[in-house]
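Step one of this worksheet: look at the structure below.
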Number of protein chains: 2
Amino acid sequence: MSNFEAFFDYIQEISGKPLSEDDEQLLMAHFKPKKFRKRQYFLQEGDVCKYIGFIVKGSARTYTVDDKGHEHILKLSLENWWLADFESFYKLTPSRFNIEALENLEVLQSTNAQIEEFLKDIPAFSAMANVISQNNTIATQKRMQTAMSYTAEERYEDLISNYPQFLQRFPQNMIASYLGLSPETLSRLKKNSSK
Amino acid sequence: MSNFEAFFDYIQEISGKPLSEDDEQLLMAHFKPKKFRKRQYFLQEGDVCKYIGFIVKGSARTYTVDDKGHEHILKLSLENWWLADFESFYKLTPSRFNIEALENLEVLQSTNAQIEEFLKDIPAFSAMANVISQNNTIATQKRMQTAMSYTAEERYEDLISNYPQFLQRFPQNMIASYLGLSPETLSRLKKNSSK
DNA sequence: ACTTTGAATTGACCTATATCAAGCGTATTT
DNA sequence: AAATACGCTTGATATAGGTCAATTCAAAGT
């Protein structure tokens, strides 16, 4: 099934290890294809994040709502990324986040218990998990540094060079929220930087 | 050696698995005790972070210097925490960070290559690594959310409730930098919140 | 086709926080 | 003990970015 081909390629590429026939059978048996329509929620605040999803197609945003009712986007996700609130997923505690499909979304999803099995039984999967966790540590640290040390304009420039796809795929107000800016500020900032 | 006792306890507690005699011998053979005096650097910008250190005693800060020459503290570290720039450590690339001892510092340190061995050979060590990586993911996500959604004052309150030790161990200007504030702002903020 | 909704832009104004500067007290250094 | 440096506070001022409101335009729903 073509859904899974991209998934298998991804695992092998990231992990640097091959998947056997059996491995692939096992993954297919326990990763369920699931579709979400635009605006639908993969996860809602207060719920436990029971599933982790691998995005086959589409996009999503992870956001919180603060006391004043303002939304803050923490993550924007595209194809070949994992979708979950990891805190809730690992600890099975209620999530503080919402994960909403921004375009029609297709994922392959599985549960925490299943993932534990894969980690034990599939060397490529376990190697992948380690690489992802490293990358994740690095990326979050970078983002934190960027948020602390750079001005709004520098953060926008940084986004353009690191994730140019974002500009194509996400509306500007989402990008603004992801950068920690009001939509107005981002709009003005673009006008000035083009001069 | 009492240095190692605390280290072994830590590994077993975090991982939930026991260390055998052999495991402990192996760790002692390849984790080297190292001391740094206050103000000494564990890592300097531009160098590769060859070692990861487990803090037995003392404290340190991880910071960058931006284009305008301003320092930004990304991490404040105390006993039973790991000390490294993980990006540089994993990838063996030059670091953008400085890690400086804020008090006299005692660590147990080892290299990337050795850590790989431990992960393979010591189940408790590998389990610990997974837990730490999960915790780390969760903590950074939380910090990111806090930085984005909260005002300076709320971030300070948050720090007080999550890391009360910090107030005892770190000077106020370091705390300010960690919170992304100028020392003046933090000073004023304390005055107002006590009212 | 008509209506509604929502994204983007622009202007006027406001506020949180930074910056600059001075003064004070307490560690550190010599 | 004197000298120096450094951390903290306080005041005056500057500024980046937020908020509120109005307008335009395009997309989506009926």
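Protein chains get the first letters and strands the later ones, always in sequence-line order, with residue 1 at the start of each.
For the pair B:Met174 and A:Thr185, both in contact range of DNA chain D, the more 5′-proximal nearest nucleotide belongs to B:Met174. Nucleotides of DNA chain C nearest to B:Leu186 and B:Arg39 differ in position, and the one nearer the 5' end is that of B:Leu186.
One can place CD of B:Glu71 at 13 Å from P of C:dT19, the figure rounded to the nearest angstrom. Summarising the geometry, the separation between CG on B:Leu179 and C1' on C:dA16 is reported as 15 Å, rounded to the nearest angstrom. For the pair A:His70 NE2 and C:dT15 C1', the interatomic distance rounds to 14 Å; values are reported in whole Å. As a whole-Å value, the separation of B:Lys38 NZ from C:dT28 C1' is 9 Å. When rounded to the nearest whole Å, the span between NZ of B:Lys68 and P of C:dC20 equals 11 Å. Whole-Å rounding puts the B:Ile175 CD1 to D:dT9 P distance at 12 Å. Atom CG of B:Asn192 and atom C1' of D:dT9 are 12 Å apart (whole Å). One atom, CG of A:Asn104, and another, C1' of D:dA28, lie 14 Å apart when rounded to the nearest Å.
Comparing atom distances between the B:Asn173 side chain and each of D:dC8, C:dT10, D:dG17 picks out D:dC8 as nearest. Closest to the side chain of B:Gln172, from the set C:dA8, D:dT9, C:dT19, is D:dT9.
In summary, the aromatic rings of A:Tyr178 and A:Tyr163 are positioned with their centroids too far apart to meet the 6.0 Å limit. Residues A:Phe7 and A:Phe31 place their aromatic rings such that the two centres sit under 6.0 Å apart.
Side-chain atoms of B:Arg188 and base atoms of C:dT19 include a donor and an acceptor less than 3.5 Å apart. The base of D:dC8 has none of its N or O atoms less than 3.5 Å from a complementary donor or acceptor on the side chain of B:Glu184. Donor-acceptor pairing under 3.5 Å, judged by distance alone, is absent between the side chain of B:Arg155 and the base of C:dT17.
For D:dG18, the OP1/OP2 oxygens have a side-chain nitrogen or oxygen of A:Ser182 closer than 4.0 Å. Checking the phosphate oxygens (OP1, OP2) of C:dT10, a side-chain nitrogen or oxygen of A:Lys191 falls inside 4.0 Å.
Checked options A:Thr62, A:Val65, A:Asp66; the residue passing with A:His72 is A:Asp66 (criterion: side chain to side chain contact (heavy atoms under 4.5 Å, CB included)). Partner of A:Leu105 under the side chain to side chain contact (heavy atoms under 4.5 Å, CB included) criterion, chosen from A:Val56, A:Leu83, A:Ile99: A:Leu83.
Atom CD1 in A:Ile52 sits 15.0 Å away from atom NZ in A:Lys50 (nearest 0.5 Å).
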